[in-house]
Amino acid sequence: MQHSVWRRFLAFSAILFLAGSIWITYSPNAYAYDNPELLPDTPTPVVDLAKSLNSIQEEKLVKDLDKFEADTGWKLRVLTQYDRTPGRAVINFWGLDDKSVLLVADSRGGNILSFSVGDAVYELLPRTFWIELQTRFGNLYFVREQGEDQAILQAMETVKTCLVQGGCGVVPGLPREQWILTLITSTIGGIICGFAAQPRREGEIVAWQWALIFSPLWGILFLAFGIGPVVTRTSDWLPVFRNVAGFLIGALVAYLSMIFSRSSPSPES
């Protein structure tokens, strides 16, 4: 009986200690879900609470976004935050509507960028565009090499360019990492095509039937994942030429590998 009382007392004490520690360490930022006092008194399209931009960058960005809104009617806004956030107060502060795009930069997450997009914007820039935009400029590798300021500035510049063009299905531009991936898939597609085209009967030069049978596989790798992402993001012919060359070289190496293996002398001879 005495052990039971002490056990209850210790459990109750542990619960009190846990609740007290949570209350002590609980940040008042949780109450910043709607915190308008963090917003400036004067209208501005950029609220840089995290100081991600220097004064020159912020001033130039403010002028660009104001001019862009006056010229096109699209409302682009930027909010950077870290420890504190104004939360939903930005909706009334900026009067966000269907023609608005809000970029929020917060370095506490794995990807520093997030977007709040109006319904009218989705008609020109689909959801896949925003996912690609976030992963291209907001990832930790880009931020580590270019900085948070460039992640914000380049992302907003991309949005402006696409809205002026009347919409984009994908994010324009072909980063080196993405091109290398398309080159790899093009080469793998060529290797599969070359192996499939190897002759299997006496006197046969190219097994076209097998190459056609495997065409859905190497065609998807070469066309959909190798050439498609390139031509939809850039008009430069050089990446296309390199991917085609990668496909042909992969196909030739795979095709000739069987011939060389057959013609090579055996160790017994």
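Side chain of Trp218 to main chain of Ser186: no donor-acceptor pair is present (N/O by atom type, distance under 3.5 Å, no hydrogens or angles). A side-chain donor-acceptor contact under 3.5 Å links Lys75 to the backbone of Gly95. Although no hydrogens or angles enter the test, the distance criterion places a donor-acceptor pair under 3.5 Å between the side chain of Trp94 and the main chain of Thr44. Judged by distance alone, with hydrogens and angles left aside, the side-chain atoms of Gln81 form no donor-acceptor pair with the main-chain N or O of Leu49 at under 3.5 Å. When atom types are taken as modelled, the side chain of Arg77 and the backbone of Leu103 share no donor-acceptor pair closer than 3.5 angstrom. Under a 3.5 Å cut-off, the side chain of Gln198 and the backbone N or O of Ala254 do form a donor-acceptor pair. Thr187 places no side-chain N or O within 3.5 Å of a backbone atom of Gly250 that could act as its donor or acceptor partner. For the pair Ser52 (side chain) and Asp149 (backbone), a donor-acceptor distance under 3.5 Å is absent.
Looking at heavy atoms from C-beta onward, Val47 lies in side-chain contact with Pro40 at the 4.5 angstrom threshold.
For the pair Arg136 and Phe142, the NZ or CZ position fails the cation-pi test of under 6.0 Å to the six-membered ring centre and within 45 degrees of the ring normal. Cation-pi contact between Arg242 and Trp179: present, with separation from the ring centre below 6.0 Å and deviation from the ring axis of at most 45°.
A salt bridge links Lys63 to Glu59: at least one charged side-chain nitrogen sits closer than 4.0 Å to a carboxylate oxygen. Using a 4.0 Å cut-off between charged side-chain N and carboxylate O, Glu123 and Lys99 make no salt bridge.
In the hydrophobic clustering of ILVMFWY residues, with side-chain heavy atoms under 4.5 Å counting as a link, Phe222 and Phe195 come out apart.
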* When you look at Arg108 and Tyr82, which way does the side-chain hydrogen bond (donor to acceptor under 3.5 Å, both in side chains) test go after all the steps? -> CA-CA 7 Å; Arg108 290 175 294 182; Tyr82 187 69; over 6 Å; no

